[in-house]
Amino acid sequence: QIQLVQSGPELKKPGESLKISCKASGYTFTDYAMQWVKQAPGKGLQYMGWINTQTGKPTYADDFKERFVFSLETSASTAYLQINNLKNEDTATYFCARTGFDYWGQGVMVTVSS
Amino acid sequence: DIQMTQSPSSLPASLGDRVTITCRASQDIGNYLRWFQQKPGKSPRLMIYGATNLAAGVPSRFSGSRSGSDYSLTISSLESEDMADYYCLQSKESPLTFGSGTKLEIK
């Protein structure tokens, strides 16, 4: 069965970096781009952008063009989201979803606090 | 960027009610519209794609429609398991944009 399994919760301090993983299984990884979505506590869904799983080319929404990096490890069917220079406002749950949005990861809760 | 104006933000309703949630697109998006259901602590679930197509496994009491730039999600007879947040998403143009969400709750 198709699954996207994300890494575990993170507790970080402002200024630190983190890297979240999203491992796909049950389908051919390169057949679907990977999308990323942010949800701050008690707030709605915010689209972050996507990465082409065939070329590795990322595309970022305007709010995520600084400090955010999408990457791949195709041999492991895994997509990554790296956030650099963490800020308090990065506290949120981050979801991966394959293009089509029919399958989602379980989300990674990231807490940034000094 | 395309703005998706979703209403209402909160919708108190009774079991068995017919309820409708609407998203209005600021530009033409054709039928590039999806609806999602999200329950607390869970990932969003795709309910409708292509504005009117029911996603796999979604009960037939859910339906999607379009009238011009207005897109609607209708639940014909509300059940307790339908209490959740609902979001629309346009995928016509990058960046994709979500509506602000509707909280469906028991009256």
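Owing to the predicted nature of the structure, the values given are computational and were not obtained by experimental measurement. Naming: A, B, ... by sequence-line order, numbering from 1 per chain.
- Other residues, nucleotides and ligands contribute more than 12 heavy atoms inside 6.0 Å of the CE atom of M83(B).
- Looking at P44(B), the atoms closer than 4.5 Å to chain A (heavy atoms on both sides) sit in the backbone and in the side chain alike.
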Item to check | Candidate pair D62(A) and D1(B), rule side-chain contact (heavy atoms from CB on, under 4.5 Å), full reasoning | outcome: CA-CA 10 Å; D62(A) 286 346; D1(B) 297 0; 4.2 Å; yes
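- A distance of 15.0 Å separates NZ in K42(B) from CH2 in W104(A), rounded to the nearest 0.5 Å.
- By the neighbour-count criterion of 12 heavy atoms within 6.0 Å, atom NZ of K103(B) is sparsely surrounded, having that number or fewer from other residues, nucleotides or ligands.
- The 12-atom threshold is exceeded at OH of Y27(A), counting heavy atoms of other residues, nucleotides or ligands nearer than 6.0 Å.
- Of the inter-residue distances, the one linking L96(B) atom CG with L45(A) atom CG reads 12.0 Å to the nearest 0.5 angstrom.
- For F95(A), the part lying near chain B is the side chain, with the backbone staying farther off; criterion is any non-hydrogen pair under 4.5 Å.
- Neither the backbone nor the side chain of Y49(B) comes within contact range of chain A, judged by heavy atoms closer than 4.5 Å.
- Applying the 6.0 Å contact sphere to CZ of F62(B) captures more than 12 heavy atoms from other residues, nucleotides or ligands.
- Looking at Q39(A), the atoms closer than 4.5 Å to chain B (heavy atoms on both sides) all sit in the side chain, from C-beta outward.
- Under the 4.5 Å side-chain contact rule for hydrophobic residues, I75(B) and Y71(B) share a cluster.
- Ring geometry for Y47(A) versus F98(B): interplanar angle of 30 to 60°, hence tilted.
- Cluster membership check: I2(B) does not share its hydrophobic cluster with F64(A), using side-chain heavy-atom separations under 4.5 Å among Ile, Leu, Val, Met, Phe, Trp and Tyr.
- Rounded to the nearest 0.5 Å, atoms CD (Q35(A)) and CG (L89(B)) are 8.5 Å apart.
- Taking all atoms of both residues into account, the shortest heavy-atom contact from S43(B) to Q106(A) is OG-CA, 3.4 Å.
- In terms of heavy-atom proximity, L46(B) sits nearest to G100(A) at CD2-O, 3.8 Å.
- Contact between Y87(B) and K43(A) at its shortest, heavy atoms only, is OH-O, 3.8 Å.
- I20(A) and W50(A) fall into different hydrophobic clusters, where Ile, Leu, Val, Met, Phe, Trp and Tyr residues are linked whenever their side-chain heavy atoms come under 4.5 Å apart, directly or through other members.
- Both W36(A) and F68(A) are assigned to one and the same hydrophobic cluster, defined by single-linkage of ILVMFWY side chains at heavy-atom distances under 4.5 Å.
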